**Q** 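Before we start, here is the structure in question, set down as structure tokens.
Side-chain atoms are counted along with the backbone in the values below, which use heavy atoms only and exclude waters and symmetry mates. Because the structure is a prediction, the values reported are computed rather than measured.
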Amino acid sequence: MRKGFLTFAAVGLLATGSMAACGDDSGSNEAGGSSDKKPKIGVILPDSKSSARWEGADRKFLEEAFKAANVDYDIQNAQGDKNAFQTIADQMITNGVTALMIVNLDSGTGKAVLDKAKSQGVATIDYDRLTLGGSAQYYVSFDNEAVGKLQGEGLAKCLTDKGVKNPSIAYLNGSPTDNNATLFKNGYDSVLKPKFDAKEYTQVADDAVPDWDNAQAATIFEQQLTKAGGKIDGVLAANDGLGNAAISVLKKNKLNGKVPVTGQDATPQGLQNILAGDQCMTVYKAIKEEAKAASELAIAVAKGEKKETGQTVKDPEGGRDVAAVLLTPKAIYKENVKDVIADGFVTKDEVCTGAYAKLCADAGIS
């Protein structure tokens, strides 16, 4: 990673010692795993449909880290199936993992898995999504309200740049079962709600997309556009997949490029949409750094160590403070798409294909 591109001081705070203000202090075996077992790490990813990141980035970076540390590991993907999620967790616990890291499908399923792991003395980490009411000892993610704030600021900037007065705004929020979606919305509401209240902007739609499903997002947005009489001036889409779904509908109505659309994840498709002028911005989260922080933590606790993070987040449902590592996201517009490629998150070959080759050259991507 290019140094200085993204704030990552929090990871430097990881150190052997007592956990920082963690709500669960019920014993070293639960907090740090079992030191008399051979270290083994289990990771459960959520799906491969909601975002390309899980298989394209997270799996790759986690595997690289575990291999480099020469620890046993098992990474599986639940593919959006809650029953499969629980079955995978049971198998991992039976097969002797000493640390379990999960990206929950919803907090109920995640809690059941975390509680079982805890009862078996397995150290637990919530990765990317906090399990509300759960029992994970650690949480590794980005500052997700900051992600949403960047999205709200980005949409406002793009509308200003286009000179749109009194714009009508539609929200395509993430899955209602994903706490991150709630945090993203808190962030962009902090920017846009004052504008709604002041009658500077008008909110014409505010819908969640179940399971971050892009096909459902397209249907929902088509309904939003119809209900608004074809007048939507800006779309706050919570990630690039939802943004692309909205763009597909805008294209059918010859509105693409005229209506700013936000995103998140800096996917190749999202970056291509930005270069083409169909998406105004995305939020880049350096998954490599998130995976690095999580893998360092998992390796340590799998060996029975306790770690101090120097940060906590409040679980609003469980009422406890969870030791956390939170990274800083970055807004990406057409003028700095090149930074994501320079950082090695995606490659030029993934983005600058076919008709996008000239757009890449025009954007300074070489």
**Q** Return the minimal non-hydrogen interatomic distance between T262 and Q151, and the atom names on each side.
**A** CG2-O, 3.7 Å
**Q** Strictly distance-based, threshold 3.5 Å: is any side-chain N or O of Q76 a donor or acceptor partner for the main-chain N or O of L45?
**A** no
**Q** Check for a donor-acceptor pair, side chain of Y138 on one end and backbone N or O of T309 on the other, with a separation under 3.5 Å.
**A** no
**Q** Give a yes or no answer on whether the side chain of N180 reaches the backbone of D128 with a donor-acceptor pair at less than 3.5 Å.
**A** yes
**Q** Can you tell me how far CE of M92 sits from CG of D74, rounded to the nearest 0.5 angstrom?
**A** 4.0 Å
**Q** Please evaluate residues I169 and K195 with respect to the criterion side chain to side chain contact (heavy atoms under 4.5 Å, CB included), reporting the C-alpha separation (whole Å), side-chain torsions for both, the decisive distance (0.1 Å), and the verdict.
**A** CA-CA 11 Å; I169 307 299; K195 295 182 181 295; over 6 Å; no
**Q** Are any non-hydrogen side-chain atoms of L326 and Y139 less than 4.5 angstrom apart?
**A** yes
**Q** Nearest heavy-atom pair of S51 and D265: which atoms, and what distance?
**A** OG-OD2, 3.3 Å
**Q** If only atom types and distance count, is the side chain of Q137 paired as donor or acceptor with the main-chain N or O of T124 below 3.5 Å?
**A** yes
**Q** Hey, mind stepping through K193 and D189 against salt bridge (Lys or Arg N to Asp or Glu O under 4.0 Å) and telling me if it holds?
**A** CA-CA 5 Å; K193 192 173 183 300; D189 269 343; over 6 Å; no
**Q** Would you say E153 and L150 make side-chain contact, with heavy atoms under 4.5 Å?
**A** yes
**Q** For residues I44 and W212: do they belong to one hydrophobic cluster (side chain heavy atoms under 4.5 Å, members Ile, Leu, Val, Met, Phe, Trp, Tyr)?
**A** no
**Q** Taking the side chain as every heavy atom from C-beta outward, state whether Y333 and C158 have any pair of such atoms under 4.5 Å apart.
**A** yes
**Q** Does N70, at its CG atom, have more than 12 non-hydrogen atoms belonging to other residues, nucleotides or ligands within less than 6.0 Å?
**A** no
**Q** For I75 and R59, which heavy atoms make the closest approach, and how far apart are they?
**A** O-NH1, 3.2 Å
**Q** Just by distance, do the side chain of N336 and the backbone of A331 share a donor-acceptor pair under 3.5 Å?
**A** yes
**Q** Decide if atom NZ of K149 counts as having more than 12 heavy atoms of other residues, nucleotides or ligands within a radius under 6.0 Å.
**A** no
**Q** Is D315 reaching over with its side chain to a backbone N or O of G133, donor-acceptor style, under 3.5 angstrom?
**A** yes
**Q** Do any N or O atoms from the side chain of Q86 and from the backbone of V113 form a donor-acceptor pair under 3.5 angstrom?
**A** no
**Q** Is R129 reaching over with its side chain to a backbone N or O of L105, donor-acceptor style, under 3.5 angstrom?
**A** no
**Q** Kindly check if the number of other-residue, nucleotide or ligand heavy atoms within 6.0 Å of NZ (K49) is above 12?
**A** no
**Q** Would you sort out whether N173 and Y188 count as a side chain to side chain contact (heavy atoms under 4.5 Å, CB included), showing the intermediate values?
**A** CA-CA 10 Å; N173 307 306; Y188 48 78; 2.4 Å; yes
**Q** Can you give me every donor-acceptor pair (side chain of residues 350-364, partner residue at least two apart or in another chain, under 3.5 Å) with its distance?
**A**
{"residue": "E350", "atom": "OE1", "partner": "T347", "partner atom": "N", "Å": "2.8"}
{"residue": "E350", "atom": "OE1", "partner": "T347", "partner atom": "OG1", "Å": "3.4"}
{"residue": "T353", "atom": "OG1", "partner": "Q272", "partner atom": "NE2", "Å": "3.4"}
{"residue": "K358", "atom": "NZ", "partner": "D362", "partner atom": "OD2", "Å": "3.0"}

**Q** Do K288 and K292 have side-chain heavy atoms sitting under 4.5 Å apart?
**A** no
**Q** Can you pull the ring-ring contact (aromatic ring centres under 6.0 Å, His included) pairs that have at least one residue in residues 73-110, sequence neighbours excluded?
**A** F66-Y73
**Q** Shortest non-hydrogen contact from V97 to I41?
**A** CG1-C, 4.1 Å
**Q** Quick one: sort the Y127 and W54 rings into parallel, tilted or perpendicular, breaks at 30° and 60°.
**A** perpendicular
**Q** Kindly determine whether N104 and D126 satisfy side-chain hydrogen bond (donor to acceptor under 3.5 Å, both in side chains), including the steps that lead there.
**A** CA-CA 8 Å; N104 71 57; D126 270 330; 4.7 Å; no
**Q** Let me see the working for E317 and K111 under side chain to side chain contact (heavy atoms under 4.5 Å, CB included), right down to the final yes or no.
**A** CA-CA 11 Å; E317 190 167 306; K111 174 176 167 48; 5.9 Å; no
**Q** Is a donor on one side and an acceptor on the other found under 3.5 Å between the side chain of N83 and the backbone of D81?
**A** no
**Q** side-chain hydrogen bond (donor to acceptor under 3.5 Å, both in side chains) for Y284 and D343? Distances and angles first, verdict last.
**A** CA-CA 11 Å; Y284 172 45; D343 238 28; 3.1 Å; yes
**Q** Do P316 and L132 have side-chain heavy atoms sitting under 4.5 Å apart?
**A** yes
**Q** With distance as the sole test, does K254 use its side chain to make a donor-acceptor pair with the main-chain N or O of K251 at under 3.5 Å?
**A** no
**Q** Would you check if K285 and L327 make a side-chain contact, meaning some heavy-atom pair closer than 4.5 Å?
**A** no
**Q** Would you be so kind as to tabulate the donor-acceptor pairs closer than 3.5 Å made by side chains of residues 233-250, with sequence neighbours excluded?
**A**
{"residue": "D233", "atom": "OD1", "partner": "K231", "partner atom": "NZ", "Å": "3.4"}
{"residue": "D233", "atom": "OD2", "partner": "S168", "partner atom": "N", "Å": "2.8"}
{"residue": "D233", "atom": "OD2", "partner": "K231", "partner atom": "NZ", "Å": "2.5"}
{"residue": "N239", "atom": "OD1", "partner": "G241", "partner atom": "N", "Å": "3.2"}
{"residue": "N239", "atom": "OD1", "partner": "L242", "partner atom": "N", "Å": "2.9"}
{"residue": "D240", "atom": "OD1", "partner": "Q264", "partner atom": "N", "Å": "2.8"}
{"residue": "D240", "atom": "OD1", "partner": "Q279", "partner atom": "NE2", "Å": "3.0"}
{"residue": "D240", "atom": "OD1", "partner": "T282", "partner atom": "OG1", "Å": "2.8"}
{"residue": "D240", "atom": "OD2", "partner": "A266", "partner atom": "N", "Å": "3.1"}
{"residue": "D240", "atom": "OD2", "partner": "T267", "partner atom": "N", "Å": "2.9"}
{"residue": "D240", "atom": "OD2", "partner": "T267", "partner atom": "OG1", "Å": "3.1"}
{"residue": "D240", "atom": "OD2", "partner": "T282", "partner atom": "OG1", "Å": "3.3"}
{"residue": "N244", "atom": "OD1", "partner": "N273", "partner atom": "ND2", "Å": "3.0"}
{"residue": "N244", "atom": "ND2", "partner": "Q269", "partner atom": "OE1", "Å": "3.4"}
{"residue": "S248", "atom": "OG", "partner": "A245", "partner atom": "O", "Å": "2.5"}

**Q** Do V71 and I125 sit in the same hydrophobic cluster, where Ile, Leu, Val, Met, Phe, Trp and Tyr count as joined when their side-chain heavy atoms come under 4.5 Å apart?
**A** yes
**Q** Could you grab the distance from atom NZ of K348 to atom NZ of K338, nearest 0.5 Å is fine?
**A** 13.5 Å
**Q** Atom CD of Q224 and atom CG of D207: how far apart are they, to the nearest 0.5 Å?
**A** 4.5 Å
**Q** Establish whether L159 and V204 are linked, either directly or via other cluster members, by ILVMFWY side-chain heavy-atom contacts under 4.5 Å.
**A** yes
**Q** Please report the closest heavy-atom contact between A136 and R320, naming both atoms and the distance.
**A** O-NH2, 2.7 Å
**Q** Are there over 12 heavy-atom neighbours, none belonging to K157, within less than 6.0 Å of that residue's NZ?
**A** yes
**Q** One pair to check against side chain to side chain contact (heavy atoms under 4.5 Å, CB included): V140 and E290. What are the steps and the verdict?
**A** CA-CA 7 Å; V140 180; E290 184 183 18; 4.2 Å; yes
**Q** Can you tell me how far the CD1 atom of I102 sits from the OG1 atom of T109, to the nearest 0.5 Å?
**A** 9.0 Å
**Q** Mind checking the CG-OG spacing from D106 to S175? Nearest 0.5 Å is all I need.
**A** 8.5 Å
**Q** Any chance you could measure T160, atom OG1, to L155, atom CG, to the nearest 0.5 Å?
**A** 9.5 Å
